[in-house]
Amino acid sequence: MANGLDDVVAADTVLSDVDGAGGHLTIRGHSLMELTGRWHHAQVVRLLFDGFFDGLPSDTGLEKAIGRARTEVFDLVQPMLTQLAPLDIYSGMRAGIAMLPDGGELDDAQRLIAAPAVLTPALLRLGRGETPIAPDEKADHAGDMLRMLCGTASPALAGALDSYLVTVCDHGLNASTFATRVVASTQAGLTSAILAGLGALKGPLHGGAPGPVIEMLDAIEASGDAAAWLSGEIAHGGRIMGFGHRIYRVRDPRADALKAVVRQLGSGNAKSGGETGRRLAFAETVEQAALEVLKLAKPQRSIQTNVEFYTALLLEAVGFPKEAFSSVFAAGRVAGWIAHAREQQATGRLIRPQSRYVGPVPDLVA
């Protein structure tokens, strides 16, 4: 029985390795802690793309190319933005990406990297009754994403968002990456493959979880008693958002990486630093209470903090509303999806697993 494909190896990959027992994430030979806060987004994109595209430029050259791609995407989607605006942010972003050419070259990949970073701020601004801000192709990717959202981007906030994009760039054969590889295996274009990944990421059991973390924290803060609120949620069959993972049996290493970024923001001199520090201290209290409640409620399972818990705090701190969290997640993960799509296409093998029929059998007339 392979429901959920647990422990089924579906691909050989050079891109990332998730060690669920040890709590380690390796991305092309580098540990997560080596990358987060030390490598910039364009460097990690190049790391992921290396060997999958001809003519891959230097880190600086790729940063400039992605900047030009942001302008190309904005020019392409701008006439359609008002029609996308009534949709929820994620659906509008996904529909905008569907407008991109469905090719397989480096230019296509760069536009797909650019698209979530352009569409998400533009749709958020339209939802607030504000005019979208055109990209600055000379700016760094994370900084320009925030500038398109808020009009300005402090180095501290831009650096925090850059660290986030790096942290979530790839993570083994998760649901959205597998969906991307399935479509890529048909030799469809990169846009088609990435749209499959986007569809999978939207679900609350995958990329849709960080928003509910904020709702949970707000509800607990209003209640004034974390342990009582959490115990009540479990007693009524609810899920504690930001805890538990399909692969990790120990603490998700991405949670620690992002927590360190939030702590740095909270201790800085930025105007929002005081509120971020207060929010982090409260979240740490909730985290400890949740771990204790979960240990008592489910002693047979090891349920630890996952990436969504501190994702929510970081994206809130840099200025994104919770309804945009999944779209920002996509902005980071799209680089990994593209690399996996190219890796899958290089094998030339169509992904076609078998199923076991367990339904009724018709009567056959001799």
Side-chain angles (χ1 to χ4, degrees), residues 1-13 15-21 87-88 90-91 93-95 97-98 102 104 170-212 233-249 252 294 297-304 306-308 326 329-330 333-334 336-366:
M1 185 67 117
N3 286 342
L5 299 181
D6 290 351
D7 300 322
V8 173
V9 175
D12 290 331
T13 183
L15 293 167
S16 63
D17 178 58
V18 182
D19 177 358
L87 301 172
D88 66 82
Y90 196 91
S91 297
M93 180 266 296
R94 182 175 54 184
I97 290 174
D102 196 19
D170 196 44
H171 197 251
L173 211 58
N174 55 79
S176 59
T177 298
F178 184 61
T180 298
R181 290 188 75 125
V182 169
V183 172
S185 79
T186 72
Q187 299 299 317
L190 287 174
T191 298
S192 292
I194 269 51
L195 288 170
L198 286 166
L201 190 73
K202 191 180 187 215
L205 296 185
H206 194 9
E233 190 73 5
I234 291 176
H236 289 90
R239 296 182 68 242
I240 306 302
M241 304 308 295
F243 295 86
H245 194 275
R246 185 68 170 267
I247 301 299
Y248 291 116
R249 294 297 172 260
D252 187 333
L294 287 166
K298 304 178 185 293
Q300 73 282 9
R301 297 176 58 191
S302 176
I303 302 177
Q304 301 294 324
N306 67 33
V307 66
E308 281 88 8
S326 294
F329 197 158
R333 183 55 59 83
V334 67
W337 288 337
I338 293 168
H340 276 275
R342 294 289 292 185
E343 185 179 53
Q344 182 64 42
Q345 288 172 337
T347 71
R349 187 71 174 167
L350 177 69
I351 295 176
R352 177 59 170 88
Q354 294 291 329
S355 60
R356 181 184 296 112
Y357 180 67
V358 295
V361 178
D363 293 329
L364 299 179
V365 179

About how many Å separate CZ of Arg239 and CG of Leu294, when rounded to the nearest 0.5 Å?
10.5 Å
Which pair of non-hydrogen atoms, one from Ala10 and one from Phe178, has the smallest distance, and what is that distance?
CB-CE1, 3.9 Å
Check whether any side-chain heavy atom of Asp170 sits under 4.5 Å from a side-chain heavy atom of His340, and report yes or no.
yes
Got Leu198 and Met93 here, is their nearest side-chain heavy-atom distance under 4.5 Å?
yes
Tell me the closest heavy-atom pair linking Ala188 and Gln345, and the distance in Å.
O-NE2, 2.9 Å
Any side-chain heavy-atom pair from Leu190 and Trp337 closer than 4.5 angstrom?
no
Enter the distance from Ile97:CD1 to Thr191:OG1 here, rounded to the nearest 0.5 Å.
8.5 Å
Taking every heavy atom of Ser176 against every heavy atom of His206, the minimum-distance pair comes out as OG-NE2, 2.8 Å
Can you check whether His171 reaches Val307 side chain to side chain, under 4.5 Å on heavy atoms?
no
From CG (Leu201) to OG1 (Thr180), nearest 0.5 Å:
9.0 Å
Between OG on residue Ser185 and CZ on residue Arg352, distance to nearest 0.5 Å:
11.0 Å
Nearest heavy-atom neighbours spanning Met241 and Pro212:
CG-CB, 3.8 Å
For Ala341 against Ala193, the heavy-atom pair lying closest together:
CB-CB, 4.3 Å
Does a side-chain heavy-atom distance below 4.5 Å link Gln344 with Arg342?
no
Reported CG-to-CG distance for the pair Leu173 and Leu15, which is rounded to 0.5 angstrom:
10.5 Å
Heavy-atom side-chain contact between Asp252 and Ile247 under 4.5 Å:
no
At what distance, to the nearest 0.5 angstrom, does CZ of Arg333 lie from CG of Asn174?
4.5 Å
Give the minimum heavy-atom separation between Leu87 and Ala95, together with the two atoms involved.
CD1-CB, 4.4 Å
Does His245 offer a backbone N or O that forms a donor-acceptor pair with the side chain of Asn306 under 3.5 Å?
no
